[in-house]
**Student:** 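One structure, pasted below without further comment.
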Amino acid sequence: MAPWLWVLDSAAVVLIVVLLYGITLVLRRRLLSRHGGTFELSVRTGAGDAGRGWVLGLGRYDGGRLEWFRIFSLLPAAKRTWDRDDLSYRSSRPPEGDERLTLYDGHLVVICDSPGGEVQMAMASEALTGLQAWLEAGPPGAQWPSAR
């Protein structure tokens with residue numbers, strides 16, 4: 001086999017793999033949004049410099065849980081989940097420094113508290129309004145300790 005045919009065959013295989021990956025990502029996103037809307041939600045996975053540790057993803061509310069899916073993952077399962085009862089909103093701020101380059105344009109950095117520590121997320125202001133409403137929409141008395 002001539003070397004240029006081997007190169008051509010290799011390029012075709014790489015192109016097919018890239019196309020299949022892209023199609024699979026589109027289908028996955030459609031499946032995730034099938035049971036309700038998804039929204040762009042980035043999560044800071046590591047503590048370090050201000051612009052580092054951010055991973056782009058999708059958020060979805062599933063009853064009393066907020067699910068987070070990595071944007072470029074093929075796995076159908078959520079990478080992280082937070083229960084409504086365990087998550088509380090602390091503050092929000094505009095992205096600073098390198099965060100402006102890392103995050104989606106127009107997103108705010110949202111800081112929440114959870115039993116596992118501080119959670120930093122980035123989302124659009126409309127999604128922040130939805131998060132605050134979702135956090136407040138728990139069942140009546142769910143935030144109160146039960147009397148024993």
**Student:** Measure the spacing between OG of S42 and CG of L103 and express it to the nearest 0.5 Å.
**Tutor:**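 The distance works out to 5.5 Å.
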**Student:** Answer yes if L74 and L58 sit in the same cluster of Ile, Leu, Val, Met, Phe, Trp and Tyr residues linked by side chain heavy atoms under 4.5 Å apart, and no otherwise.
**Tutor:**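 Both belong to a single hydrophobic cluster.
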**Student:** Assigning hydrophobic clusters by single linkage (Ile, Leu, Val, Met, Phe, Trp, Tyr; side-chain heavy-atom cutoff under 4.5 Å), is V7 placed with L5?
**Tutor:**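 Linked within one cluster.
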**Student:** Taking all non-hydrogen atoms of both residues into account, name the closest pair between V119 and S114 and its distance.
**Tutor:**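 The pair with the smallest heavy-atom distance is CG2-OG, 3.5 Å.
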**Student:** Heavy-atom distance under 4.5 Å between the side chains of F69 and L75, does that happen here?
**Tutor:**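 Answer no - side chains too far apart.
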**Student:** Is there any salt bridge (charged side-chain N to carboxylate O under 4.0 Å, His left out) pair reaching into residues 54-69, and which pairs are they, with sequence neighbours excluded?
**Tutor:**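 Every salt bridge (charged side-chain N to carboxylate O under 4.0 Å, His left out) pair that includes a residue of residues 54-69, provided the two are not neighbours, is R60-E67, D62-R65, R65-E67.
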**Student:** Is the CZ atom of F72 crowded by more than 12 outside heavy atoms at less than 6.0 Å?
**Tutor:**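 For F72, atom CZ is not crowded (no more than 12 foreign heavy atoms under 6.0 Å).
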**Student:** If we only count heavy atoms from C-beta on, is the Q120 to V109 side-chain gap below 4.5 Å?
**Tutor:**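 Side chain of Q120 against side chain of V109, heavy atoms only: contact under 4.5 Å found.
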**Student:** Among all residues two or more places apart in sequence or in another chain, which pass the ring pair (Phe, Tyr, Trp, His ring centres under 6.0 Å) test with Y21?
**Tutor:**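 Once residues adjacent in sequence are excluded, Y21 has no partner under the ring pair (Phe, Tyr, Trp, His ring centres under 6.0 Å) criterion.
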**Student:** Rounded to the nearest 0.5 Å, what separation is found between the OG atom of S92 and the CG atom of L131?
**Tutor:**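 Nearest 0.5 Å value for the OG-CG distance: 10.0 Å.
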**Student:** Hey, mind stepping through I111 and E118 against side-chain contact (heavy atoms from CB on, under 4.5 Å) and telling me if it holds?
**Tutor:** CA-CA 7 Å; I111 301 165; E118 180 181 275; 3.6 Å; yes
**Student:** Tell me the closest heavy-atom pair linking R28 and I71, and the distance in Å.
**Tutor:**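 The pair with the smallest heavy-atom distance is NH1-O, 3.9 Å.
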**Student:** Is F39 close to Y61 at the side-chain level, that is, under 4.5 Å between some pair of heavy atoms?
**Tutor:**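 Counting from C-beta outward, Y61 and F39 do come under 4.5 Å.
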**Student:** Is E99 paired with R93 through a side-chain N to carboxylate O contact shorter than 4.0 Å?
**Tutor:**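 Yes, this pair counts.
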**Student:** How about V110 and C112: do any of their side-chain heavy atoms sit closer than 4.5 Å?
**Tutor:**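 Result yes, sub-4.5 Å side-chain heavy-atom pair found.
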**Student:** Could you check whether any side-chain N or O of W134 sits under 3.5 Å from a backbone N or O of G63, counting only pairs where one atom can act as donor and the other as acceptor?
**Tutor:**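 Looks like yes, one N/O pair under 3.5 Å.
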**Student:** Would you say L19 ends up clustered with I16 if hydrophobic residues are merged whenever their side chains have heavy atoms under 4.5 Å apart, either directly or through other cluster members?
**Tutor:**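 In one cluster with I16: L19, no.
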**Student:** Do side-chain atoms of W68 reach the backbone of L41 as a donor and acceptor pair under 3.5 angstrom?
**Tutor:**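 Indeed, once roles are kept as given, a pair shorter than 3.5 Å links the two residues.
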**Student:** Could you check W54 against L101 for side-chain contact (heavy atoms from CB on, under 4.5 Å), going step by step and ending with a plain yes or no?
**Tutor:** CA-CA 11 Å; W54 288 101; L101 302 173; over 6 Å; no
**Student:** Under 4.5 Å between any side-chain heavy atoms of L128 and M121, yes or no?
**Tutor:**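 L128 does not reach M121 side chain to side chain.
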**Student:** Using modelled atom types and a 3.5 Å cut-off, is there a donor and acceptor pairing between side-chain atoms of T129 and backbone atoms of S125?
**Tutor:**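 Indeed, once roles are kept as given, a pair shorter than 3.5 Å links the two residues.
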**Student:** Should V55 and V43 count as side-chain neighbours, where that means a heavy-atom distance under 4.5 Å?
**Tutor:**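 Counting from C-beta outward, V55 and V43 never come under 4.5 Å.
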**Student:** Between H107 and E40, is any pair of side-chain heavy atoms under 4.5 Å apart?
**Tutor:**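 The answer is yes; the side chains approach within 4.5 Å.
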**Student:** Taking the side chain as C-beta and beyond, is there a heavy-atom pair between L87 and L135 under 4.5 Å?
**Tutor:**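 They are in contact (side-chain heavy atoms under 4.5 Å apart), so the answer is yes.
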**Student:** Would you compute the distance between atom CZ of R34 and atom CG of L31 and round it to the nearest 0.5 angstrom?
**Tutor:**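 Here the rounded value is 5.5 Å.
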**Student:** Would you compute the distance between atom CZ of R70 and atom CG of L25 and round it to the nearest 0.5 angstrom?
**Tutor:**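 Result: 13.0 Å between the selected atoms.
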